[in-house]
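None of the values given here were measured: they were computed from a predicted structure. Along the sequence shown, residues are numbered consecutively beginning with 1.
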Amino acid sequence: MITPINQTTTNYYNYKPCQPNFQGYNRSLFLPPAEKALRNVEFAGRKIINRFFDFFNKNKHSQLYEQLLNTDPKSPEYITISSKISQLCSNQNPVEINLESNRLEQIAHSKSPHIFIMNHDNQSKDPKMLAFFNTLLNHIYIHDKLEKTCPRPRIILNEDILLSMNKINRAIFEKLGAVGIDASLYGSDSQANARTFFKLIREFLNKEINIFIFPEGKNAIRKNAPLSEKFQLGVAELVAKIADRMPEVKITPLGFAYGKKADADSIYIGETVVLKKLGEHIESSRGNISSPFAKTKYKDFFAGRDSAVLTDKSIPVKGRELPKYIGGILCENLRICKEEAIAAIK
């Protein structure tokens with residue numbers, strides 16, 4: 001363990017950890033006019049697709065959805081019903097997943113809320129993989145009779161997805177935990193987003209929710225760009241704010257990968273990254289450092305330790321600089337889990 005900040009010793013500064021390798025700048029990869037045009041096209045396309053599916057799926061599972069809408073999210077029944085609906089929404093094909101690691105059970109039994117970060121390589125399949133994972137997590141909650149106290153899901157997504165739906169479908173998605181934010185980085189409603197995040201932070205601090213988020217956001221459209229260029233700092237800023245108010249924050253990366261065959265999809269549940277506030281600074285656990293896909297720079301950063309304070313040139317960072325370095329840690333762990341998921345398919 002790293003020596004606490006208030007016990008400065010020679011050993012604390014002796015090793016030379018590198019700055020986490022992170023190139024994201026919390027901005028869109030598009031200029032304002034291009035992003036606005038892209039948003040309008042995407043929104044129109046979503047409305048057309050939603051109307052198409054509404055026509056063919058009319059009254060399908062309507063009784064189950066009505067039951068969900070009339071159920072109190074705080075009740076044990078909510079987990080059972082939402083689990084059934086998540087299973088309907090999930091990919092029905094076989095999925096390779098590292099259940100043998102027992103990480104799913106560890107998450108469910110930790111009695112702590114988690115933030116789940118996921119790569120966003122396939123905008124149509126990723127929500128199904130999320131639903132599949134949440135179904136498995138709910139099954140453990142149900143099996144171990146934790147339905148009453150387990151965290152409820154909150155899934156952060158682009159509000160355009162919800163606005164393009166009809167009134168009933170939007171109510172269903174919101175009841176399942178969908179939370180819309182203005183994802184346009186130029187001219188976004190920052191005040192509305194702040195109100196949304198403050199509510200999420202309050203619920204998370206009360207151990208009421210798990211948060212699911214795709215940190216790439218709209219940058220996911222750049223298929224060939226490395227994750228480090230697409231990873232946005234919103235989740236890191238969220239983690240930094242939560243770390244100010246609770247002893248530790250647990251972030252679990254989920255790697256998604258898709259094969260060419262229908263039954264060749266994969267989820268890799270990563271080792272949970274634990275971040276703690278030490279005075280003005282942040283200490284991070286090793287996370288997924290034991291993976292063969294972990295970069296040498298990441299391994300050198302921890303120098304054989306179980307945890308390390310985030311530093312720049314051996315000097316601990318603080319204040320407004322923290323999100324960049326938290327983002328570097330999270331980005332590297334998500335990249336590792338994505339590579340693990342790809343390897344599982346191969």
Side-chain angles (χ1 to χ4, degrees), residues 22 24-28 35 39 73-74 112-120 126-127 130 134 150-163 165 170-171 173-220 230-254 272-277 280 282 284 310 317-331 333-334:
F22 178 69
Y25 295 102
N26 205 26
R27 59 173 171 76
S28 174
E35 189 195 39
R39 182 178 184 180
K74 295 182 179 180
S112 300
H114 280 66
I115 296 175
F116 295 95
I117 56 175
M118 303 153 288
N119 59 295
H120 203 8
D126 289 342
L130 189 159
N134 203 43
C150 68
R152 274 45 181 170
R154 291 291 183 273
I155 305 159
I156 300 176
L157 44 76
N158 179 1
E159 68 177 0
D160 283 357
I161 296 174
L162 296 175
L163 293 174
M165 297 178 177
R170 180 175 179 177
F173 268 72
E174 289 177 337
K175 200 65 177 282
L176 288 171
V179 177
I181 63 165
D182 185 349
S184 56
L185 296 177
Y186 297 106
S188 63
D189 190 344
S190 57
Q191 290 187 346
N193 285 348
R195 288 192 296 270
T196 299
F197 277 106
F198 283 139
K199 183 175 185 295
L200 290 172
I201 290 171
R202 185 171 62 250
E203 292 176 324
F204 193 88
L205 292 174
N206 291 332
K207 300 183 179 181
E208 297 173 1
I209 63 169
N210 288 324
I211 296 175
F212 294 82
I213 186 169
F214 294 98
E216 295 164 70
K218 286 192 171 184
N219 287 343
K230 296 186 290 183
F231 195 101
Q232 298 182 44
L233 287 182
V235 64
E237 292 171 348
L238 178 66
V239 169
K241 286 181 170 61
I242 293 173
D244 283 336
R245 296 168 175 82
M246 66 190 309
E248 59 182 30
V249 188
K250 295 183 176 180
I251 307 100
T252 300
L254 304 176
T272 297
V273 178
V274 181
L275 296 178
K276 300 179 182 179
K277 195 74 180 284
E280 297 181 280
I282 290 283
S284 172
L310 304 187
V317 294
K318 61 182 179 180
R320 294 181 179 179
E321 292 296 305
L322 281 171
K324 288 195 296 185
Y325 293 82
I326 293 172
I329 292 290
L330 300 185
C331 181
N333 277 273
L334 182 55

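- Counting non-hydrogen atoms of other residues, nucleotides and ligands closer than 6.0 Å to NZ of Lys241 gives a total of 12 or fewer.
- The nearest pair of heavy atoms linking Asn119 to Asp126 is O-OD2, 3.7 Å.
- Atom CG in Leu330 sits 10.5 Å away from atom OG1 in Thr252 (nearest 0.5 Å).
- Not counting sequence neighbours, Lys175 has no partner by the salt bridge (Lys or Arg N to Asp or Glu O under 4.0 Å) test.
- Annotation: salt bridge (Lys or Arg N to Asp or Glu O under 4.0 Å) contacts of Lys207 (sequence neighbours excluded): none.
- Side-chain atoms of His114 come within 3.5 Å of backbone N or O of Ser112 as a donor-acceptor pair.
- Ser284 has its side chain within reach of Val273: a pair of non-hydrogen atoms, C-beta onward, lies under 4.5 Å apart.
- Counting heavy atoms from C-beta on, the side chains of Leu163 and Asp160 come closer than 4.5 Å.
- Every residue meeting the side chain to side chain contact (heavy atoms under 4.5 Å, CB included) condition with Lys277, not counting sequence neighbours, appears here in chain and number order: Asp244, Ile282, Leu322.
- Qualifying side chain to side chain contact (heavy atoms under 4.5 Å, CB included) partners for Pro151, counting only residues two or more places apart in sequence or in other chains: Tyr141, Asn210.
- Rounded to the nearest 0.5 Å, atoms CG (Leu275) and CG (Leu310) are 7.0 Å apart.
- Counting only heavy atoms from C-beta outward, the side chains of Val235 and Ile251 never approach each other to under 4.5 Å.
- Atom CZ in Arg202 sits 8.5 Å away from atom CD in Glu208 (nearest 0.5 Å).
- For the pair Gly327 and Phe231, the tightest heavy-atom approach, listed with the atom from each and the gap, is O-CE2, 3.9 Å.
- If you run side chain to side chain contact (heavy atoms under 4.5 Å, CB included) between Ile213 and each of Ile181, Leu157, Ile117, Ile155, only Ile117 comes through.
- The ring pair (Phe, Tyr, Trp, His ring centres under 6.0 Å) test applied to Phe212 returns Phe116, not counting sequence neighbours.
- In this structure a side-chain-to-backbone donor-acceptor pair under 3.5 Å is missing from Arg245 to Leu205.
- Contact check for Lys250 versus Val274: side-chain heavy atoms found under the 4.5 Å cut-off.
- Atoms NE2 and CG, on His120 and Leu334 in that order, are 12.0 Å from each other to the nearest 0.5 Å.
- Residues satisfying the side chain to side chain contact (heavy atoms under 4.5 Å, CB included) criterion with Val179, sequence neighbours excluded, are Arg154, Thr196, Leu200.
- Across every non-hydrogen atom of Pro323 and Glu237, the tightest pair is CB-CG, 3.7 Å.
- In terms of modelled atom types and a separation under 3.5 Å, the side chain of Gln232 and the main chain of Glu216 share a donor-acceptor contact.
- Heavy-atom minimum distance, Ala178 versus Leu162: CB-CD2, 4.1 Å.
- With rounding to the nearest 0.5 angstrom, the CE atom of Met165 is 9.5 Å from the CZ atom of Arg170.
- Inter-residue side-chain proximity for Leu238 and Ile211 is flagged as met; some heavy-atom pair is nearer than 4.5 Å.
- Atom CZ of Phe173 is surrounded by 12 or fewer heavy atoms from other residues, nucleotides or ligands within 6.0 Å.
- How far CG of Asn206 is from CE of Met246: 9.5 Å, rounded to the nearest 0.5 Å.
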